[in-house]
Protein chains: 2
Amino acid sequence: MEKHYPVLRKCVLFRNIEDMNYEHLLQCLGTQVRKYKEEEYVFFAGDVINHIGIVLSGVVEIMKENLAGNKHILAFIEPSGMFAEGIVCTAKRISPVTVQVKEDAEILFIPYERIIMSCGNVCGFHISLIQNMMIILGEKNFNLNRKLELLTLKGMREKIASFLINESLERKSNTFHIILNRTQMADYLNVSRTSMCRELARMKEEGLIDYYGHSFKILDMDELAQCLE
Amino acid sequence: MEKHYPVLRKCVLFRNIEDMNYEHLLQCLGTQVRKYKEEEYVFFAGDVINHIGIVLSGVVEIMKENLAGNKHILAFIEPSGMFAEGIVCTAKRISPVTVQVKEDAEILFIPYERIIMSCGNVCGFHISLIQNMMIILGEKNFNLNRKLELLTLKGMREKIASFLINESLERKSNTFHIILNRTQMADYLNVSRTSMCRELARMKEEGLIDYYGHSFKILDMDELAQCLE
DNA sequence: AAAAAAATGTAGCTGTGGCTACAAATTAAA
DNA sequence: TTTAATTTGTAGCCACAGCTACATTTTTTT
């Protein structure tokens with residue numbers, strides 16, 4: 001377990017709990033670790049969830065799948081990232097999303113009750129945990145809002161532009177690689193792959209962007225930003 | 001102020017704080033009340049927000065407005081409802097949404113710091129406040145997810161069906177009134193009003209639903225649910 | 001009650017983007 | 001390498017939804 005301490009240290013839930021004895025902390029919280037193989041499901045939409053998950057290694061995918069089989073990717077969670085933190089705070093704790101492992105993963109589970117309740121012992125970190133939980137929920141909200149923004153855009157070009165500009169901002173460079181392949185990117189933008197490819201080709205032809213495989217380059221940022229207005 | 005106590009009592013933030021002396025509570029939290037006229041803006045997307053708002057009377061609208069002027073309604077908040085609770089929990093506290101008053105309103109503002117910090121005095125309600133804040137954020141998350149679900153639907157009929165089924169479930173009846181008018185409903189579904197009206201007419205013709213003004217009636221729930229698959 | 005304003009419904013035209021089908025290229029397996 | 005499988009790109013067709021324009025109804029104002 002010790003090998004995962006650096007990952008935990010980066011986890012937002014444990015922020016401002018520097019002087020920590022992790023052994024004691026984890027025990028007090030009643031945590032459990034489980035290993036998953038690629039493609040394995042952690043839980044499904046509709047399941048009742050009582051634990052928060054922290055990815056120690058590997059990658060998990062958060063997604064929605066409707067009855068028609070259309071899949072929509074909400075996020076990829078990498079080591080030190082969390083999931084299910086929004087679900088456990090609701091009244092019914094029914095997950096609206098499905099979580100699937102994309103690369104062999106180890107996941108740390110923490111019972112929600114242990115986070116919001118004080119443990120009875122004199123553990124000073126509970127207040128910090130609670131405040132961190134709030135920040136996490138706030139940020140989650142913020143990200144959902146960004147996602148909403150993307151989905152409310154009307155045109156294909158607007159969606160692509162918004163996506164690429166955001167990626168570029170996050171990497172702080174006009175040249176960047178994306179993790180997603182075309183199918184995943186289309187899922188993320190909630191459009192059909194073929195239409196997206198067509199529009200990407202047009203934008204390349206017009207000299208707005210350039211790309212090859214997963215590498216993208218924004219050639220005319222001003223013009224690209226114009227697409228959003 | 002006393003006249004608003006019943007409204008506060010219904011507010012989720014004050015749940016499980018029954019034995020409360022509101023006078024003391026509100027003072028300890030450093031609350032302020034402001035009155036707004038219809039159409040007046042409470043704050044704009046991009047503003048930095050440090051207060052949570054609770055609607056005491058009237059109605060406010062939460063929305064996004066892009067540069068092209070397309071407006072997208074996220075929610076209507078009625079008395080005892082809250083807003084900005086998601087924003088204040090984030091790191092930057094920059095609002096992604098604009099809040100506008102739709103019916104003359106009185107709004108109670110609470111500085112975020114006063115909620116998450118203990119006040120130094122022996123006020124037992126702080127822990128409850130914090131736990132309530134978490135539930136609120138969780139529910140907010142849940143609603144955003146529902147909204148996302150709606151927006152990821154492809155067809156007009158699917159969106160309408162999803163919306164109507166949800167309304168029906170909430171009212172627990174196949175006959176119900178909606179608060180939104182056609183334009184607002186179209187905004188909410190992120191479609192054009194005319195196309196929505198056309199599809200509504202078709203669905204009525206096919207005997208799926210019936211409606212007049214703001215009253216709706218689901219005639220064939222099975223068939224309607226079928227639209228989502 | 002009359003007039004004005006706002007909300008709702010309808011029709012026709014058009015463009016975007018989804019879909020099928022296939023080609024080309026890249027990656028993985030034999 | 002050859003073969004198979006997966007990913008990516010292209011083309012054509014067509015339906016759906018957006019838009020403009022206007023008719024009709026309902027609500028508000030005078």
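These numbers come from the heavy atoms of this one structure, side chains and all, not from hydrogens, waters or symmetry mates. Letters A, B, ... are given to chains in the order of the sequence lines, protein chains preceding strands, and every chain is numbered from 1.
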Once you round it to whole Å, what is the distance between [atom2] of [N] and [atom1] of [X]?
X	N	atom1	atom2	answer
A:D187	D:dT8	CG	P	12 Å
B:M203	C:dG9	CE	P	14 Å
B:E199	C:dG9	CD	C1'	14 Å
A:M196	D:dT10	CE	C1'	14 Å
A:L200	D:dT8	CG	P	11 Å
A:E158	C:dT16	CD	C1'	12 Å
A:L153	C:dG17	CG	C1'	15 Å
A:M156	D:dG18	CE	C1'	16 Å

Among [options], the one nearest [X] by side-chain distance:
X	options	answer
B:C197	C:dG9, D:dC19, C:dG17	C:dG9
B:T194	C:dA11, D:dG9, C:dG17	C:dA11
B:H214	C:dT10, C:dT8, C:dG17	C:dT8

Ignoring hydrogens and angles, are the base of [N] and the side chain of [X] linked by a donor-acceptor pair under 3.5 Å?
X	N	result
A:S195	C:dG18	yes
A:R193	C:dG18	no
A:R157	C:dG17	no

_Of B:R198 and B:N181, the one whose closest DNA chain C nucleotide lies more 5'_ =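 Closest to the 5' end, via its nearest nucleotide, is B:N181.
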*asked:* Does the structure place the NZ or CZ of B:K147 under 6.0 Å from the centre of the six-membered ring of B:Y188, at an angle of no more than 45° from the ring's axis?
replied: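 So B:K147 does make the cation-pi contact.
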*Ion pair present between A:R202 and A:E206, side-chain N to carboxylate O less than 4.0 angstrom?*
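Answer for the salt bridge query: no.
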*Taking NZ, NE, NH1 and NH2 as the nitrogens, is one of them in A:K154 or A:E158 under 4.0 Å from a carboxylate oxygen of the other?*
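So A:K154 does not pair with A:E158 through a salt bridge.
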*asked:* Check the phosphate of D:dT26 against B:Y212, side-chain N and O only, distance under 4.0 Å to OP1 or OP2. Yes or no?
replied: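 True: B:Y212 side-chain N/O within range (under 4.0 Å) of D:dT26 OP1/OP2.
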*Hey, does B:G155 reach any base, or is it just sugar-phosphate, or nothing, if we go heavy atoms under 4.0 Å?*
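Answer is sugar-phosphate: B:G155 comes under 4.0 Å of backbone atoms only.
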*Going through the distances and angles, do A:L228 and A:I165 end up as a side chain to side chain contact (heavy atoms under 4.5 Å, CB included)?*
CA-CA 10 Å; A:L228 300 179; A:I165 289 172; 3.9 Å; yes
*Check the pair B:L108, B:H4 against side chain to side chain contact (heavy atoms under 4.5 Å, CB included), reporting the backbone distance first and the verdict last.*
CA-CA 10 Å; B:L108 178 84; B:H4 292 129; over 6 Å; no
*For B:E39, check salt bridge (Lys or Arg N to Asp or Glu O under 4.0 Å) against everything at least two apart and list the hits.*
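By the salt bridge (Lys or Arg N to Asp or Glu O under 4.0 Å) rule, B:E39 matches B:K102.
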*For the helix from C:dA1-D:dT30 to C:dA30-D:dT1, what angle lies between the axis at the first five pairs and the axis at the last five pairs, to 10 degrees?*
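The angle, to the nearest 10 degrees, is 50°.
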*Report the C-alpha distance between B:D187 and B:M63 in whole Å, list the side-chain angles of each, state the deciding distance to 0.1 Å, and finish with yes or no for side chain to side chain contact (heavy atoms under 4.5 Å, CB included).*
CA-CA 10 Å; B:D187 280 346; B:M63 59 153 172; over 6 Å; no
